[in-house]
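Ligands are counted one by one from 1 in listed order, and the atoms in each one are counted from 1 as well.
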Amino acid sequence: MNLYDCHLHSSLSFDSQEPMENYVKAAKAKGDKYFITTEHMDLESNFAGREDIVADFELQQKMVKDLSAKYDMEVLFGIEVGWREDIHSRNLEIVQKYPFDMVIMSVHESMEYDVAFPDFSRGRTVDDCYDEYLSLILQALQNFDDFDTLGHFDYLLRYIGHTDMANHREKLTEILSLLIAKDKCLEINTKMLHTPQAVERLEYVLQLYTSLGGNKVTIGSDAHQLKYWQSSFPLATELLKKHGIDAVYVFKGRKGHKIFI
Ligand SMILES: [Zn+2]
Ligand SMILES: [Zn+2]
């Protein structure tokens, strides 16, 4: 069965130059029947001096429609929502305004900082910073329901380095339990899986997730360039199977469909 990439950015996102059509062409060549991009929305972003970072969703809708017809594929309409407490209502309003097929909820910022920048860590230990990051994810989960999958649980560690997930077992347990209770998916973000540290983190989280009864996952490369599309998918599949997960979810019209791997 073909695996579909459910976390992708095209040139509609501020940090990608890749035309959506290039990905669609590649997906068509691979024989895929389904394709989605999940463009950024980080409102009142600390990264952008409190300006909105938001894709042109009208244009995205039009492109999705045009590319579906041109390539005879199901090209779908996705978004990656950056959640933060003070923009909760605006996020909700936009998620409900457009007919998205899939919504990824991610945390990219604290109230004051973009977590990818050194002013977030300010010389603190990796564990202290990651603990704060997990608290932000937990807060997002406690407040926001209108999403399908939780994006990149270890996003912060891309920027500040590795730590042992065992140091964060308690908070991870809270997060994963809540995700399961809300019947949402956990995203397997493959962007960093070329590193043994990211593999170790994912294995720890998968082990914990399945031990708590979780089995719903989506898979996404978080690519911003075609060359990273579906990166490390064979490894991710192998890890999922090793932990007893035999299917991934794709979303259409906000409804999950199981694809066996
Ligand atoms: Zn993200
Ligand atoms: Zn992303």
Side-chain angles (χ1 to χ4, degrees), residues 4-20 22-23 35-48 52-57 60 64 76-85 87-88 91 94-95 100-110 113-117 120 129-130 132-134 136-141 144 146-160 175 179 184-195 198 201-202 205 217-233 236 248-251:
Y4 301 111
D5 196 329
C6 295
H7 189 154
L8 266 185
H9 300 278
S10 78
S11 55
L12 290 177
S13 285
F14 75 103
D15 54 358
S16 168
Q17 309 291 319
E18 194 71 54
M20 196 191 290
N22 290 357
Y23 292 115
F35 177 82
I36 192 164
T37 61
T38 53
E39 309 295 352
H40 279 299
M41 179 170 80
D42 289 272
L43 300 174
E44 296 166 42
S45 166
N46 289 313
F47 169 76
D52 289 347
I53 292 177
V54 62
D56 181 340
F57 296 126
Q60 189 183 351
V64 156
L76 301 178
F77 181 39
I79 181 174
E80 180 182 15
V81 176
W83 192 87
R84 210 179 56 211
E85 191 182 2
I87 49 168
H88 172 81
N91 271 341
I94 296 176
V95 165
F100 292 109
D101 287 295
M102 178 191 186
V103 177
I104 300 173
M105 179 178 73
S106 294
V107 171
H108 298 128
E109 300 196 353
S110 68
Y113 306 111
D114 182 320
V115 304
F117 288 83
F120 175 74
C129 296
Y130 191 52
E132 183 182 348
Y133 185 71
L134 290 178
L136 293 168
I137 291 184
L138 189 56
Q139 190 190 19
L141 274 177
F144 196 63
D146 210 341
F147 71 99
D148 305 305
T149 191
L150 171 67
H152 48 48
F153 67 86
D154 58 353
Y155 172 75
L156 171 69
L157 303 179
R158 289 180 192 171
Y159 303 102
I160 65 167
I175 288 168
L179 205 56
K184 306 292 189 191
C185 291
L186 173 71
E187 179 189 81
I188 308 306
N189 190 296
T190 64
K191 187 177 185 114
M192 300 301 287
L193 283 187
H194 57 283
T195 70
R201 297 195 292 265
L202 177 58
V205 167
V217 300
T218 60
I219 181 170
S221 68
D222 210 349
H224 291 64
Q225 294 175 56
L226 179 61
K227 64 179 175 180
Y228 299 119
W229 173 64
Q230 303 196 340
S231 65
S232 300
F233 270 32
V248 296
Y249 280 77
V250 297
F251 284 82

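The aromatic rings of H9 and H40 sit parallel to each other, their planes meeting at less than 30°, with 60° as the upper class boundary. The aromatic rings of H7 and H152 are tilted relative to each other, their planes meeting at an angle between 30° and 60°. The aromatic rings of F144 and F147 lie parallel to each other, with less than 30° between the two planes, well short of the 60° mark.
When distances to the Zn ion (ligand 1) are checked against a cut-off of 2.8 Å, H152 contributes an N, O or S atom below that limit. When distances to the Zn ion (ligand 1) are checked against a cut-off of 2.8 Å, E80 contributes an N, O or S atom below that limit.
Residue-level check: among N/O/S atoms of D222, OD1 sits closest to the Zn ion (ligand 2).
Around the Zn ion (ligand 2), the two atoms NE2 of H9 and NE2 of H7 are separated by an angle of 100°, to 10 degrees.
One distance of note links CG of D5 with OG1 of T190; it measures 6.5 Å at 0.5 Å rounding.
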